[in-house]
Structure formats: C-alpha cells, structure tokens
Amino acid sequence: MLSKVSEKQEAIRLRLLGRSLSEIVARLGVSKSSASVWLRDVRLSDRAQKIISQKSDTGRLKSAETHRTQTRARLEESASLATETVADVHVDKNLSAIICALLYWCEGEKTKNDKTLTFANSDPRLVATFLHLMRNGFELDEKKFRVCLHLHDYHKEGVQKEFWSRVTRIPTTQFLKTYQKQHTGKRTREGYAGCASIRYYDTRIARQLQAVARAFLKSTGP
C-alpha cells in the first residue's frame, strides 16, 4: 500500500503521462478532492494536454450519446403509455361534453356576457379537437358559428382563411373581418398560421358548457 507521499508522486506521474483525474482516482483508490489538490499546480506538456483534451472530448461525446439514448427511451416509454391509455377510451356524447367543457374552462374566453362562446387558439389541432368534441357533445346549429382570424402582415389572408376553414369545418362565408396585428418588427414565424377565434352565438350552449365544467370540477375536487 502506498503512503500519501507516494500516492501523490504517482498521481503526478500519471498526470504528466496524460491520465485524466477520473483515471487517476480510480487507479490509486484516492478521493477526488485529494487528487485535485495534488495536481492543481502540475504543468503539463503539450502532448499530455492533447491526450487529456482528446479524452475529455470523447467523454463528452459518449455522455451526449448516452443522454440522447436515455431521452429516446423515455419518449418511447411515454408514447407507449399514451397509446395504451387512449386505446380503450370510448369518447361518447357525455365524455365529449366534459372534455370540451374543460378545454373551454382552461382556454376559452369567460366574460359576464354569456351569450357568446369564444374559444381562441393558434394550435390547429387543439381548435379542431375542441370543435369535434363540441359538435359531438352538444346539439349545435352550424350557422351560429363565426370565425375571426388574427393575422400578421406577412400572412396571405385568403390562404389562411381557406386553411382555417378546413381545420374548423366552418365555411369562409361565416368568417368575420380579419384582425390585423400590428407589425412588431420581429421576424416571420415559420409555419405559424395565425390565431383563430371561434365564436358560437347561443346563450343556451354557452351556459350548458360552463355548467358542465363547473359540475365536473365540483364532483372531482376537494
């Protein structure tokens, strides 16, 4: 067994050969803090520095690849769990009404004026899902729908109207005057289709939807 002095000398010798701190600690069986103190003033040759640098780069690449592999595995696990969770769910009329009501409770515009139901979002998938659930969960009159687009000056209004008409399944004849956002000087957001404000003019449905949300929250809350 080496003495502390001998351990220090051996640590310095290994360091001068281009061994990393981790390698030295593992080989000598000493603490990292002790090895760090012994080696902090050691001046390395260009060759030793190059060896240590190459090992450090290799270590970072291995660490990054390990992290990517772990992330992929976690994502795949989450996707598998999500698929299993959703697979056996039957979204009937009642469940559609509940999910729709909760989405509205989180994202919808809630004002004292309950004559109009307004749901605005820039995510086409969320808008389409909300409308699908609303149509499935409530008795609606399609003619009572209106859409107001919020667009930037770089958008082509006609193109965006056609896009959101396909997403919402609401004809462009029921689109209101487009709200043009002021130019902020910021760069164009690639793939951003603007924001769609969906409005449904029916006091009865607006009240029903909010009542469902309140009832469900009350039934599951403290």
Side-chain angles (χ1 to χ4, degrees), residues 1-91 95 98-99 102-108 119-130 133 150 152 154 167 181 183-196 213 216-217 219-222:
M1 183 175 180
L2 296 176
S3 65
K4 284 293 182 183
V5 174
S6 298
E7 286 178 342
K8 179 179 179 179
Q9 292 174 340
E10 180 63 8
I12 292 172
R13 185 185 75 81
L14 292 171
R15 187 63 168 169
L16 291 172
L17 291 175
R19 299 292 189 272
S20 68
L21 180 61
S22 298
E23 288 176 318
I24 293 170
V25 167
R27 181 161 178 173
L28 299 181
V30 298
S31 68
K32 192 172 184 178
S33 58
S34 294
S36 297
V37 172
W38 295 341
L39 303 173
R40 63 188 176 188
D41 295 324
V42 174
R43 299 185 64 180
L44 298 173
S45 65
D46 291 343
R47 180 174 178 277
Q49 288 181 6
K50 184 176 181 181
I51 293 172
I52 292 173
S53 178
Q54 289 174 339
K55 289 180 179 178
S56 179
D57 291 342
T58 301
R60 280 195 294 270
L61 290 173
K62 287 183 178 179
S63 177
E65 181 57 33
T66 298
H67 178 71
R68 285 194 293 270
T69 300
Q70 291 174 342
T71 299
R72 283 195 297 269
R74 294 190 185 104
L75 288 172
E76 290 173 0
E77 180 184 6
S78 297
S80 177
L81 175 62
T83 300
E84 291 176 7
T85 301
V86 174
D88 296 329
V89 175
H90 175 60
V91 184
L95 186 54
I98 291 171
I99 299 174
L102 292 177
L103 282 175
Y104 184 76
W105 194 265
C106 296
E107 295 289 333
F119 184 89
N121 208 277
S122 60
D123 185 340
R125 291 172 300 179
L126 185 59
V127 171
T129 298
F130 174 78
L133 293 168
H150 292 223
H152 289 283
Y154 57 77
V167 170
K181 294 184 179 180
H183 181 64
T184 61
K186 296 181 179 179
R187 60 188 180 129
T188 301
R189 289 173 59 183
E190 197 68 35
Y192 177 65
C195 180
F216 182 79
L217 293 171
S219 70
T220 57

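As the structure is a prediction and not an experimental result, all values here were calculated from the model.
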Q: Taking all heavy atoms of Ala11 and all of Ile24, pick out the closest pair and write down the distance.
A: O-CD1, 3.7 Å

**Q.** Nearest heavy atoms of Leu95 and Val91, plus distance in Å
**A.** CD2-CA, 4.0 Å

Q. Of the options Gln9, Lys8, Arg15, Glu10, which is the one that meets Ile12 in a side-chain contact (heavy atoms from CB on, under 4.5 Å)?
A. Lys8

Q | Pairwise distance OG(Ser22) to CZ(Arg27) - rounded to 0.5 angstrom | A | 14.5 Å

Q. Any sub-3.5 Å donor-acceptor pair from Ser53's side-chain atoms to Gln49's backbone N or O?
A. no

Q | Residue Arg72 excluded, over 12 heavy atoms near CZ under 6.0 Å | A | yes

**Q.** Sidechain-backbone polar pair: Ser219 side chain, Phe216 backbone, donor-acceptor under 3.5 Å
**A.** yes

Q: Classify the ring geometry between Phe119 and Phe130 as parallel (under 30°), tilted (30 to 60°) or perpendicular (over 60°).
A: parallel

Q. What heavy-atom pair brings Ile51 and Leu17 nearest, and what distance separates the two atoms?
A. CD1-O, 3.8 Å

Q: Find the distance between CD (Glu107) and CG (Leu102) and round it off to the nearest 0.5 Å.
A: 12.0 Å

Q: Provide the closest heavy-atom pair for Pro124 versus Val167 in the form atom of the first, atom of the second, distance.
A: O-CG1, 3.5 Å

**Q.** Criterion side-chain contact (heavy atoms from CB on, under 4.5 Å) against Leu39, the qualifying member of Val37, Asp41, Val42
**A.** Val42

Q) Between CG of Leu133 and CD1 of Ile99, what distance do you get to the nearest 0.5 Å? A) 5.5 Å

Q: Flag yes if more than 12 heavy atoms outside Glu77 fall under 6.0 Å of its CD atom; otherwise flag no.
A: no

Q) Which pair of heavy atoms, one from Ser31 and one from Ser34, lies closest together, and at what distance? A) OG-OG, 2.8 Å

(Q) Using 0.5 Å steps for rounding, measure from the SG atom of Cys195 to the CG atom of Asp123. (A) 10.5 Å

Q | Heavy-atom closest pair, residues Leu126 and Leu103 | A | CD1-CD2, 3.9 Å

Q | Donor-acceptor pair, side chain of Ser36 and main chain of Lys32, under 3.5 angstrom | A | yes

